[in-house]
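Just so you know, these numbers use all the heavy atoms, side chains as well, and skip hydrogens, waters and symmetry mates. A note on names: the letters A, B, ... follow the listed sequences, proteins ahead of strands, and every chain is numbered from 1.
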Protein chains: 2
Amino acid sequence: MAEFDRLTSRYNSWIKALQDNGYRLTQPRLAVIKVLAQSDQALDASTLHEKASEEYPALSLVSVYRTLEKMEDLHLVTRVHRNEHCHAFVAGLEGHQHLMICEQCGKVYYFSGDDIHGLIEKVEAFSGYQVTDHWLQLFGRCPECIS
Amino acid sequence: MAEFDRLTSRYNSWIKALQDNGYRLTQPRLAVIKVLAQSDQALDASTLHEKASEEYPALSLVSVYRTLEKMEDLHLVTRVHRNEHCHAFVAGLEGHQHLMICEQCGKVYYFSGDDIHGLIEKVEAFSGYQVTDHWLQLFGRCPECIS
DNA sequence: CCTTTTATTGAAAATGATTTTCAATAAGAT
DNA sequence: ATCTTATTGAAAATCATTTTCAATAAAAGG
């Protein structure tokens, strides 16, 4: 299936990125990135630890934090915020810049937001600010959680 | 000055909102909301505590948290997120829905974002999600911090 | 005013998430 | 096969936030 391939190739490209940057391919690390690469949901450190422990039972929560830190440095994962539960991670935004999160199950949908460039320029003109970054997140219900 | 009036009237309307909702006007509370109402920057609990302590030295950090909680319940303040420093508060979004934050000094600029409704509808159609909320934040440099 | 009621307070303890320390281990180079 | 050193897990430390609780002070009623 196309979906399977996409997620597997993400896992493989992350492995390559780790190697290319001189990081060792350890079992704890591989367990963590495998889960995150193959998930389409935003996951926090502790949920990730839970899931990756099935893969590698000796896994410590500390290693989850450490792996996330490195993945974030390499821009492979992105931190997302919600009002309540605040630190979750998703596979990084490669090209497509924005995301929508299902409030119920955390499932993420990526979309491109070229439409807001005009808005940004307008706001820059009015405010005198220089915009360096923008952050657009939509929240709602995914098709499965609606029904 | 118009700016002074705007911030002072925000302070007064917050006082009224607290009274209308049966909250007592205590010194700790007044010190906290005075600082936040009259600030145009996103402030976190500890910075707020620092500043409000000048107003009322006996102020405890606990009271800052408790006051923020109530203000949030009353929708008088809004929680904002940045990648690093994650929980800061600004005066609530009354009507205008979006904000831009200066990365350097935290100064907030509000703007309306009607322009993204079209985008949201498009994303809904493609994804099958039902969008219930959206979150647009711009980051950059305010005029003072550019020069 | 003065008293009374009770929401609110600050200090201290508890919690929860994240980070640091450190000796032991295992990845990958030689 | 051995060596080097990045990486590990456990435990301790740190940091933000919340809870507990007895003392206080707002504001309502006399």
Q. Is there a donor-acceptor pair under 3.5 Å between the side chain of A:Arg141 and the backbone N or O of A:Ile146?
A. no

Q | Side-chain donor or acceptor of A:Ser39 paired with backbone N/O of A:Val35 under 3.5 Å | A | no

Spacing of [X] atom [atom1] relative to [N] atom [atom2], expressed in whole Å:
X: A:Leu30; N: D:dT8; atom1: CG; atom2: C1'; result: 14 Å
X: A:Glu69; N: C:dA17; atom1: CD; atom2: P; result: 19 Å
X: B:Leu18; N: C:dA7; atom1: CG; atom2: C1'; result: 13 Å
X: A:Lys70; N: D:dT7; atom1: NZ; atom2: C1'; result: 8 Å
X: B:Leu25; N: C:dA7; atom1: CG; atom2: C1'; result: 12 Å
X: A:Tyr23; N: D:dT8; atom1: OH; atom2: P; result: 11 Å
X: B:Asp20; N: D:dA27; atom1: CG; atom2: P; result: 13 Å
X: B:Asn21; N: C:dT8; atom1: CG; atom2: P; result: 11 Å

(Q) Determine whether a donor-acceptor pair (one donor, one acceptor, N or O, separation below 3.5 Å) exists between the side chain of B:Arg24 and the base of C:dT6. (A) yes

Q.
As a test of reading the structure: which of D:dA16, C:dT20, D:dT20 is closest to the side chain of B:Tyr65, going by heavy atoms?
A. D:dA16

Q.
By nearest atom, which of the nucleotides C:dT8, D:dT17, C:dG28 is closest to the B:Ala45 side chain?
A. D:dT17

With a 4.0 Å cutoff (strictly under), does any side-chain N or O of [X] reach OP1 or OP2 of [N]?
X: B:Gln27; N: D:dA26; value: yes
X: B:Arg29; N: C:dT9; value: yes
X: B:Thr26; N: C:dT9; value: yes

Q | Qualifying residue for side chain to side chain contact (heavy atoms under 4.5 Å, CB included) with A:Val90, from A:Val77, A:Asp40, A:Thr78, A:Leu36 | A | A:Thr78

Q) Any idea how A:His134 and A:His117 line up, ring-wise: parallel (<30°), tilted (30 to 60°), or perpendicular (>60°)? A) perpendicular

Q. For the residue pair B:His81 and A:Trp135, is the inter-centroid distance of their aromatic rings smaller than 6.0 Å?
A. no

Q. Relative to the 5' end of DNA chain D, which residue comes earlier, B:Tyr56 or B:Val62, by the nucleotide with the nearest heavy atom?
A. B:Val62

